[in-house]
There are 2 protein chains.
Amino acid sequence: MQNTHEKLELFVKKCKEIGLKITPQRLAVYEVLLKSYNHPTVEEIYEEVKKMYPYVSLATVYRTLETLEKIGLVKRVCFWGNSARYDANTSEHHHLICEKCGRIEDIDLEQKLAIPENLQGFKTHSYSVNIYGLCSECQSNQQA
Amino acid sequence: MQNTHEKLELFVKKCKEIGLKITPQRLAVYEVLLKSYNHPTVEEIYEEVKKMYPYVSLATVYRTLETLEKIGLVKRVCFWGNSARYDANTSEHHHLICEKCGRIEDIDLEQKLAIPENLQGFKTHSYSVNIYGLCSECQSNQQA
DNA sequence: ATAGAAATGATAAATATTATTGAAAAGTTT
DNA sequence: AAACTTTTCAATAATATTTATCATTTCTAT
Ligand SMILES: [Mn+2]
Ligand SMILES: [Mn+2]
Ligand SMILES: [Zn+2]
Ligand SMILES: [Zn+2]
């Protein structure tokens, strides 16, 4: 597992390769996402970035996330609620989702699925497992 | 596997039990979803319902889908794009998603995952697998 | 048939996302 | 370095999606 600093260096390297400019905003958006483990919404990332760059625009955050996704450094996750959430952890991993509050946690599943490369005409390349349930907090709230 | 008619009867029965009124709009929305196997968006369901009830309101479709989900007759799926999609197939099954065009197909995976009832404090109750790839149509388009 | 409760339709409001645009920054050529 | 071209930026406008409001209609039990 790489640390934030190494990941940021990788980002800089990748940008140079592709010919993307390394702007403070891009770095800030990526850094915020690297440091957050709760799969934040665009709005949440925006609020965090604003602490460093108060004049940043929400549209810039949207654009940057789109760019980061395109070059494969972040993933868009969208299993709950109706706003997109992002994840800087691009390694194959799975999610535990609270159906009450929407909390999304990473989970490392030992069990692996063997997915055929071709399935119903699709050429497959990855899979993800979402496990649904109630987080501990929501469980205690429900009892009350 | 029940047919549409049986499912609609079950719906009527369930409504009576819970005290929900059986309105033509509700039946129409559910019927449209029962007959569609492509996980349509709300807008798509609305367009279909309008063919039967030209004066139906989009808000009613949203409301009805929410109600149907609440009583467990439909599921909201949201893995691609940024509008909700619905599925009247509530049995445990999984999905094949084309990352190019967003097509979502059902898939019957023989492999099963054994999910512990308790995981990281969560009380789990179900899981779903999303397999990502390119549909056959998008594969041929890409070669051109 | 009537009354009361609940649902609908039309529309407004709220959220979420994308497109546009002019300016600034960076890169190139001379 | 100046002039020119290209890329990116930020702000805003525009669009898309979802939810709330409320007067009216419909459903259901009596
Ligand atoms: Mn994750
Ligand atoms: Mn399905
Ligand atoms: Zn929760
Ligand atoms: Zn496709």
Side-chain angles (χ1 to χ4, degrees), chain A residues 11-12 14-30 32-33 39-71 74-86 102, chain B residues 8 11-33 39-71 73-86 102:
Chain A
F11 168 55
V12 170
K14 203 152 193 174
C15 280
K16 284 183 180 167
E17 277 174 17
I18 311 174
L20 282 175
K21 291 182 179 167
I22 299 138
T23 66
Q25 291 86 352
R26 280 184 176 155
L27 282 167
V29 168
Y30 187 43
V32 162
L33 199 53
H39 311 83
T41 63
V42 179
E43 195 72 32
E44 285 165 348
I45 297 165
Y46 171 57
E47 288 306 324
E48 206 59 31
V49 171
K50 267 209 295 199
K51 291 179 185 169
M52 297 189 265
Y53 296 90
Y55 298 112
V56 77
S57 157
L58 178 60
T60 299
V61 178
Y62 270 99
R63 254 186 324 238
T64 303
L65 288 167
E66 202 183 337
T67 305
L68 287 169
E69 193 192 10
K70 207 170 295 171
I71 65 177
V74 311
K75 279 189 177 175
R76 177 182 177 149
V77 298
C78 166
F79 345 95
W80 201 90
N82 35 274
S83 37
R85 289 160 170 271
Y86 283 88
Chain B
L8 283 171
F11 169 53
V12 169
K13 197 181 139 216
K14 204 154 193 172
C15 281
K16 283 182 181 167
E17 278 174 17
I18 312 174
L20 283 175
K21 290 181 179 171
I22 297 140
T23 67
Q25 292 88 343
R26 279 185 176 157
L27 282 167
V29 167
Y30 188 41
E31 193 177 348
V32 162
L33 200 53
H39 311 83
T41 63
V42 180
E43 195 71 33
E44 285 164 347
I45 297 165
Y46 171 56
E47 289 304 325
E48 206 60 29
V49 171
K50 268 209 295 198
K51 290 179 185 170
M52 299 190 263
Y53 296 92
Y55 297 112
V56 77
S57 158
L58 179 59
T60 298
V61 178
Y62 270 98
R63 264 184 313 229
T64 303
L65 288 166
E66 201 183 338
T67 304
L68 287 168
E69 194 192 9
K70 206 171 294 170
I71 66 178
L73 288 184
V74 311
K75 279 188 177 177
R76 178 181 176 149
V77 297
C78 166
F79 342 98
W80 201 88
N82 31 269
S83 37
R85 288 161 171 270
Y86 283 87

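Letters A, B, ... are given to chains in the order of the sequence lines, protein chains preceding strands, and every chain is numbered from 1.
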Quick check on C:dG9: is either OP1 or OP2 less than 4.0 Å from any side-chain nitrogen or oxygen of B:Thr60? yes

Between B:Gln25 and D:dT26, does any side-chain N or O lie under 4.0 Å from OP1 or OP2? no

B:Arg26, nearest nucleotide to its side chain (from D:dT8, C:dT20, C:dT8): C:dT8

If you check every side-chain atom of A:Asn82, which of C:dG9, C:dT17, D:dT18 has the closest atom? D:dT18

Shortest non-hydrogen contact between B:Lys14 and B:Ile71, atoms and distance: NZ-O, 3.1 Å

Between C:dA5, D:dT8, C:dT17, spot the one nearest the side chain of A:Lys21, thanks. D:dT8

Determine yes or no for a side-chain-to-main-chain donor-acceptor pair under 3.5 angstrom, with A:Arg76 supplying the side chain and A:Ala84 the backbone. no

Closest nucleotide of DNA chain C for A:Glu43 versus for B:Gly19: which of these residues is on the 5' side? B:Gly19

Please pick, from C:dA19, D:dT8, D:dA20, the nucleotide with the shortest atom-to-atom distance to any side-chain atom of B:Ala59. D:dA20

Quick note, B:Tyr62 side chain, CB onward, closest among C:dT8, D:dT17, D:dA11 is D:dT17

Taking the minimum atom-to-atom distance to the side chain of A:Ser57, which one of D:dT8, D:dA11, D:dT18 wins? D:dA11

Cationic N near anionic O, under 4.0 Å, A:Arg63 to A:Glu66: no

Minimal heavy-atom distance between A:Leu58 and A:Tyr46, with the atoms involved, is N-CE1, 3.4 Å

Given D:dT17, D:dT8, C:dA10, identify the nucleotide with an atom nearest to the side chain of A:Leu20. D:dT8

